[in-house]
There are 2 protein chains.
Amino acid sequence: MSFKEQSGIDIDQLIFGISQISQMLNVSPRQLRYWEKRGYIRSLAQKDGQTRQYNAKAVVRIVGIKHFLDEGYTLAAAADKVTKFAQQQKMLHDFVGQRFQGVTEIAGQPALDFGHLADQHLYGVMQQGRAEFKLRQD
Amino acid sequence: MSFKEQSGIDIDQLIFGISQISQMLNVSPRQLRYWEKRGYIRSLAQKDGQTRQYNAKAVVRIVGIKHFLDEGYTLAAAADKVTKFAQQQKMLHDFVGQRFQGVTEIAGQPALDFGHLADQHLYGVMQQGRAEFKLRQD
DNA sequence: CCAATGTTGTCAAATAGCTTGACAATGATA
DNA sequence: TATCATTGTCAAGCTATTTGACAACATTGG
């Protein structure tokens, strides 16, 4: 059961303050401000002098940057890696969102319907815990 | 893909400030402090005068209380309902955690193994999208 | 109906926490 | 070696939170 289902809270609506981020992720406020100034991360828009707030998307970016920094990457390289990863995730999400037609059945087993491919139909099934694509006639 | 899997962040380690909670959940800081004083919610322990912080568990409680308040329940009743719900969720979680023995196969289909019952074996299977218990000889 | 209690808003004073800018230290880079 | 990148730290000023108090209003028990 996901956090959202259990709590009714959408993760994208979560908001964090700078000290919470700092505690949770073990990143100093100085780093967060510097990274923001250099354009590597964004905080929610606030008027000048007001306190920074961050959404879940920013948190994920910060975790990622921190991770790659700890692995020895430079800040710019770390931020770049995170951006690319996020882009890939978004592409995957969008792609699957477009192709996924729902769940149907093949031989009595649930199958993910991914629509047409080469005059046939593409399905995804779990077999012995392994994800397998299947091509079938319509 | 869950938030944790995608981000590497454990939801239970999330921390929020009072104004973030207030914004996210549309509950006033006054309410949060009052609810806490009356023992309906808890903030993370801070020394006197320091700012309150809340974890995800508190957030879920607050959402719940707010929900039942909006439905017309009194504060005490709302908090009570949330507590009972949380207890039920915990019981369910613990129970399943104890009984679940892993995934095996029945007739080539994945089956949740729930161990012994009445000299037989209890399984859970998905059939046409419906969750069904099955008793089988070992 | 009345007094007591529950719940929330608001205000004020004190202070905890954040912001910005600056200087310094360190390490990497051209 | 000079420059840039990254982070720490400090100070002054401002923002946000805390606590306590008073008020308003609804609800409840007698």
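Below, read A as the first sequence line, B as the second, and so on, with proteins coming before strands; counting in each chain starts at 1.
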**Report entry** Residues within residues 66-80 of chain B bordering DNA chain C, heavy-atom distance below 4.0 Å
**Finding:**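 L69(B), T74(B), L75(B), A76(B) - these, ordered by number, are the residues of the stretch whose heavy atoms sit under 4.0 Å from the strand.
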
Query raised in the report: Salt bridge check: are R130(A) and E132(A) linked by an N-O gap of less than 4.0 Å?
Result: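 The answer is yes: the pair qualifies as a salt bridge.
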
Query - Qualifying ring-ring contact (aromatic ring centres under 6.0 Å, His included) pairs with a residue from residues 9-49 of chain A, counting only residues at least two apart or across chains - result: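 Residue pairs with at least one partner in residues 9-49 of chain A: F16(A)-F16(B).
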
**Report entry** ring-ring contact (aromatic ring centres under 6.0 Å, His included) pairs, two or more places apart, involving residues 108-138 of chain B
**Finding:**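 Applying ring-ring contact (aromatic ring centres under 6.0 Å, His included) to every pair that reaches into residues 108-138 of chain B, excluding sequence neighbours, yields F114(B)-F133(B), H116(B)-H121(B), H121(B)-Y123(B).
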
Protein-nucleotide distance ([X], atom [atom1]; [N], atom [atom2]), rounded to Å:
X: I21(A); N: dG17(C); atom1: CD1; atom2: P; value: 17 Å
X: L32(B); N: dT19(D); atom1: CG; atom2: P; value: 13 Å
X: Q20(A); N: dG17(C); atom1: CD; atom2: C1'; value: 10 Å
X: I18(B); N: dT8(C); atom1: CD1; atom2: C1'; value: 14 Å
X: R38(B); N: dT5(C); atom1: CZ; atom2: P; value: 11 Å
X: Q46(A); N: dG17(C); atom1: CD; atom2: P; value: 19 Å
X: Q53(B); N: dC18(C); atom1: CD; atom2: P; value: 9 Å
X: Q23(A); N: dG17(C); atom1: CD; atom2: C1'; value: 12 Å

Query raised in the report: Should the heavy atoms of other residues, nucleotides or ligands under 6.0 Å from NZ of K66(B) be counted, would the total exceed 12?
Result: yes

Query raised in the report: Is the shortest heavy-atom distance from the side chain of R33(B) to the side chain of I18(B) under 4.5 Å?
Result: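 R33(B) reaches I18(B) side chain to side chain.
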
Query - Heavy-atom side-chain contact between V63(A) and M24(A) under 4.5 Å - result: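 A side-chain contact under 4.5 Å is absent here.
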
Query raised in the report: Are S28(A) and dG8(D) close enough that a side-chain N or O sits under 4.0 Å from OP1 or OP2?
Result: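 Looking at the OP1 and OP2 atoms of dG8(D), one of them is under 4.0 Å from a side-chain N or O of S28(A).
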
Query raised in the report: Within the structure, does a side-chain N or O atom of Y34(A) lie under 4.0 Å from either OP1 or OP2 of dT7(D)?
Result: no

Query raised in the report: Quick one: salt bridge (Lys or Arg N to Asp or Glu O under 4.0 Å) partners of R52(B), sequence neighbours excluded?
Result: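 Result, salt bridge (Lys or Arg N to Asp or Glu O under 4.0 Å) vs R52(B): E36(B).
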
Report task. Could you tell me, to 10°, how much the axis swings from one end of the helix from dC1(C)-dG30(D) to dA30(C)-dT1(D) to the other, five pairs per end? Result -> 40°

Query raised in the report: Without hydrogens or angle criteria, can the side chains of Q109(B) and Q127(B) be said to hold a donor-acceptor pair below 3.5 Å?
Result: no

Report task. Scan side-chain atoms only and decide if T83(A) and R61(A) contain a donor-acceptor pair under the 3.5 Å cut-off. Result ->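 There is such a pair (donor and acceptor under 3.5 Å, judged by atom type) between the side chains of T83(A) and R61(A).
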
Query raised in the report: Nearest to the side chain of W35(A), which nucleotide is it out of dC18(C), dT7(D), dT8(C)?
Result: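 Selected nucleotide (nearest to the side chain): dT7(D).
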
**Report entry** side chain to side chain contact (heavy atoms under 4.5 Å, CB included) between L135(A) and L117(A), worked out
**Finding:** CA-CA 8 Å; L135(A) 269 176; L117(A) 170 60; 4.0 Å; yes

Report task. Classify every nucleotide of nucleotides 20-28 of chain C by which part a protein heavy atom approaches to under 4.0 Å, writing B for the base, S for the sugar-phosphate alone and - for neither, in 5'-to-3' order. Result -> B-B------

